*Asks:* 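Sharing a structure, written as structure tokens. Questions coming.
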Amino acid sequence: MFPDVLDERSVRMYVDNAADWMVIHWGASLEAAFQPLLHLLIAIEGFLLWMPWYVIIFLIAGLAFLATRNWKLPIGVSILMFMIGAAGYWEESNQTIALMLASTITALVVGVPVGVAMALSRPVRSIMRPLLDVMQTLPPFVYLIPGVMLLGPGKVPALLATVIYAVPPVIRLTDVGIRNVDSDVVEAVSAYGASGWQKLWHAQLPLALPTIMAGINQTMMMALSMVVIASMIGAGGLGYQVLQGIGRLEVSRGLFAGLAIVALAIIFDRIAQSYGRRLQSQLHMDEG
Amino acid sequence: MTPKIVCRNVYKCFGPNSAEAIRMARDGQSQSEILKQTKSVLALNDISLEIGAGETFVIMGLSGSGKSTLIRHFNRLVDPTTGQVIVDDTDITTMDRKELRTFRRHKISMVFQNFGLLPHRTVLKNVGYGLLMQGRTRKEQDEAAAHWISRVGLSGYEHHYPAQLSGGMKQRVGLARALASDSEILLMDEAFSALDPLIRTEMQEQLIELQAQLNKTIVFITHDPDEAMLLGNHIAILRDGTVQQIGTPNDILENSVNDYVRKFVQNVNLNRLREARPASIPA
Ligand SMILES: Nc1ncnc2c1ncn2[C@@H]1O[C@H](COP(=O)(O)OP(=O)(O)OP(=O)(O)O)[C@@H](O)[C@H]1O
Ligand SMILES: [Mg+2]
């Protein structure tokens with residue numbers, strides 16, 4: 001037996017009481033603060049489900065075509081989407097896509113500025129580095145705690161948990177991308193009188209864009225990998241089907257929903273990757 | 001000749017202990033001794049010089065002698081540890097950020113050894129960059145850029161991207177960018193070093209020709225004694241962050257102050273020089 005050095009029950013009681021206090025006093029304003037996230041998620045979901053299925057497939061195939069200018073990817077992507085629909089998971093897939101897009105957008109809006117701040121400020125970097133390290137080693141379940149604690153189960157805490165879990169790559173790669181920008185270019189821009197913002201807009205961000213794009217891709221994949229866990233607190237979608245499959249011991253339900261998640265991962269990974277490559281050549285950064 | 005750029009007792013130290021490094025330098029200790037004791041590189045050691053308006057001033061010296069550090073003081077890409085850098089009677093080391101930006105936008109431009117072009121902008125937009133910074137209209141930017149692109153012989157490449165150009169062409173873009181902003185001072189840090197000999201000769205001739213019309217103040221860094229003799233009205237020779245000698249090409253050739261300077265100029269191709277600048281070099 002480990003000796004009783006601490007009255008852990010009373011400590012835990014304090015923590016729980018503090019949490020209750022926060023929920024009672026801040027709950028409403030927190031909910032209001034995250035309202036825009038909910039609107040974003042509902043808008044994307046509503047749009048995807050409002051559109052006829054063939055239009056959605058056409059849109060995704062179109063995205064794939066724009067990224068590659070080649071018919072192979074659009075055809076592959078269309079077949080995968082069609083199979084998801086045929087397996088009976090159309091609605092759930094679109095919910096999952098909506099969650100992934102909403103959390104990726106949120107992660108971008110938060111992550112890119114943080115990454116820029118890290119690259120440009122040593123103090124910020126020395127705070128963020130260990131924080132990101134911890135974030136990337138924490139088991140994803142832990143991210144459910146703050147959201148559920150403050151807001152109760154629902155779509156917003158599920159989205160929050162997904163964002164927190166998925167945001168580190170975009171922060172890290174923005175930081176790396178900006179710090180690896182050719183210092184000669186930044187120096188040249190300064191020599192012609194660019195201000196800090198102009199340096200950022202004219203040189204650092206565009207030159208870092210391919211790296212940032214790789215971060216966005218990773219963030220998207222991590223958001224997708226969080227959907228099963230997030231569905232435990234109300235994200236719905238494919239993750240919920242997996243969960244039900246486990247709960248009811250319906251192998252086929254869980255397995256097919258799982259395969260649908262994999263299909264979505266392949267689709268969006270391929271599109272994002274080709275888009276990244278395309279961006280690189282559009283920016284003419286293949287060489288010097 | 002009125003001085004355009006004046007350096008007064010400029011010291012530049014990279015590293016943790018600049019006060020001690022400068023004190024040791026004033027006691028006459030060598031750069032390597034200072035590095036050993038203070039872990040700091042004394043890149044410039046008591047530099048004082050004057051650069052006249054309208055002249056081409058060449059800086060020469062071995063690798064690591066402080067040439068790039070010195071030229072970057074003239075537009076304050078590098079701040080001196082102590083000392084003054086005066087341009088047109090204004091001490092630029094006391095300028096605040098806003099004054100410095102205005103100074104860089106209007107007074108001084110720079111050509112870089114590694115070009116420093118924006119890869120995602122066309123040649124036209126790269127050349128117009130200085131004018132963009134000056135707040136000129138897009139039309140003015142593009143017109144001036146097109147003019148200078150043709151002056152450096154790159155007509156037809158306006159809408160190409162830097163990655164599509166050869167090294168020599170990129171350097172012309174860099175030169176056109178510097179000229180387009182129409183500043184009085186032009187800094188060139190080993191601007192021609194990356195070029196092959198043929199294009200290099202061509203660029204040197206082009207610079208001489210342009211300078212005859214434009215009459216800018218040019219500070220030019222080179223490793224190549226022929227280039228220095230050809231372009232410079234005055235030449236400064238640096239060693240370990242100190243000035244060894246400043247003089248006209250003729251002075252440097254005829255009255256080298258020490259062996260270090262003599263080694264630099266002993267291989268000068270006098271024939272080419274006489275051909276290009278018959279007046280400046282004695283028979
Ligand atoms: N940012 C910096 N931090 C630390 N040390 C520096 C920095 N910039 C230059 N130095 C040091 O200052 C000294 C002079 O460097 P500088 O680049 O001015 O030499 P240079 O004469 O231009 O050489 P090269 O011909 O190779 O370009 C070198 O010892 C270099 O290591
Ligand atoms: Mg140099």
Side-chain angles (χ1 to χ4, degrees), chain A residues 66-67 69 112 116-117 119-123 126 173-174 176-216 274-288, chain B residues 68 71-72 74-78 97-123 125-135 159-167 169-171 173-174 177-178 180-181 183 185-187 189 194:
Chain A
L66 282 181
R69 301 297 155 97
V112 171
V116 169
L120 301 183
S121 147
R122 203 178 282 268
S126 58
L173 283 165
T174 302
V176 169
I178 290 204
R179 275 186 300 121
N180 284 352
V181 165
D182 188 352
S183 62
D184 293 329
V185 178
V186 180
E187 190 182 42
V189 171
S190 325
Y192 283 90
S195 64
W197 281 111
Q198 286 169 329
K199 260 191 279 187
L200 196 62
W201 281 117
H202 295 164
Q204 289 165 314
L205 273 178
L207 269 67
L209 211 51
T211 314
I212 297 174
M213 193 63 207
I216 297 173
S274 326
Y275 195 68
R277 273 198 294 274
R278 193 161 176 78
L279 198 67
Q280 198 146 2
S281 64
Q282 262 175 355
L283 291 171
H284 299 274
M285 278 184 282
D286 332 48
E287 35 168 327
Chain B
S68 297
I71 205 171
R72 278 163 176 69
F74 301 151
N75 59 355
R76 252 186 76 188
L77 287 174
V78 174
R97 276 191 213 201
K98 193 153 165 267
E99 290 169 326
L100 184 61
R101 281 206 297 273
T102 309
F103 168 73
R104 286 174 176 168
R105 284 173 184 173
H106 296 278
K107 263 269 162 69
I108 199 158
S109 51
M110 190 160 180
V111 185
F112 295 86
Q113 178 175 9
N114 299 319
F115 321 124
L117 303 176
L118 293 168
H120 57 294
R121 297 195 179 194
T122 59
V123 168
K125 294 298 174 190
N126 266 291
V127 173
Y129 190 78
L131 296 159
L132 174 73
M133 287 293 100
Q134 291 174 1
H159 301 291
H160 283 57
Y161 287 88
Q164 300 167 311
L165 306 179
S166 71
M169 291 158 89
K170 283 185 216 173
Q171 198 49 278
V173 176
R177 171 173 67 179
S181 63
S183 49
I185 303 169
L186 193 58
L187 306 178
D189 186 356

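Bear in mind that the values here come from a model prediction, so they are computed numbers and not experimental data. FYI, side chains are in, hydrogens and waters are out, and symmetry mates aren't considered; it's all heavy atoms of this structure.
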*Asks:* If I measure from the heavy atoms of chain A, does B/Arg97 come under 4.5 Å with its side chain, its backbone, both, or neither?
*Replies:* neither
*Asks:* Using the rule given for side chain to side chain contact (heavy atoms under 4.5 Å, CB included), can you reason through A/His202 versus B/Tyr129, listing the C-alpha separation, both sets of side-chain angles and the distance that settles it, and then say yes or no?
*Replies:* CA-CA 10 Å; A/His202 295 164; B/Tyr129 190 78; 2.7 Å; yes
*Asks:* Against chain A, label B/Arg76 side chain, backbone, both or neither, depending on which of its atoms sit under 4.5 Å from a heavy atom there.
*Replies:* neither
*Asks:* To the closest 0.5 Å, what do you measure between OG (A/Ser195) and NZ (B/Lys98)?
*Replies:* 12.0 Å
*Asks:* Check B/Gly116 against A/Ala188 and note the closest heavy-atom contact, atom names and distance.
*Replies:* O-CB, 3.3 Å
*Asks:* Can you tell me which portion of B/Ser181 sits under 4.5 Å from chain A's heavy atoms? Options are side chain, backbone, both or neither.
*Replies:* side chain
*Asks:* Could you grab the distance from atom NE2 of B/His120 to atom CG of A/Leu205, nearest 0.5 Å is fine?
*Replies:* 9.5 Å
*Asks:* Measure distances from B/Leu132 to the heavy atoms of chain A and classify the residue's part below 4.5 Å as side chain, backbone, both or neither.
*Replies:* side chain
*Asks:* Among B/Ser183, B/Ala178, B/Gly174, which residue has the highest count of heavy-atom pairs closer than 4.5 Å to chain A?
*Replies:* B/Ala178
*Asks:* Under a 4.5 Å heavy-atom cut-off, does chain B meet the side chain of A/Ser183, its backbone, both or neither?
*Replies:* neither
*Asks:* Once you round to the nearest 0.5 Å, how far does OH of A/Tyr192 lie from CD of B/Gln134?
*Replies:* 10.0 Å
*Asks:* Please check if the side chain of B/Arg105 supplies one atom and the backbone of A/Gly193 the other of a donor-acceptor pair under 3.5 Å.
*Replies:* yes
*Asks:* Under 4.5 Å from any heavy atom of chain B, what part of A/Val189 do you find: side chain, backbone, both or neither?
*Replies:* both
*Asks:* B/Asn114 and side-chain contact (heavy atoms from CB on, under 4.5 Å): which partner among A/Val185, A/Asp182, A/Asp184?
*Replies:* A/Asp184
*Asks:* Is the shortest heavy-atom distance from the side chain of A/Glu187 to the side chain of B/Phe112 under 4.5 Å?
*Replies:* yes
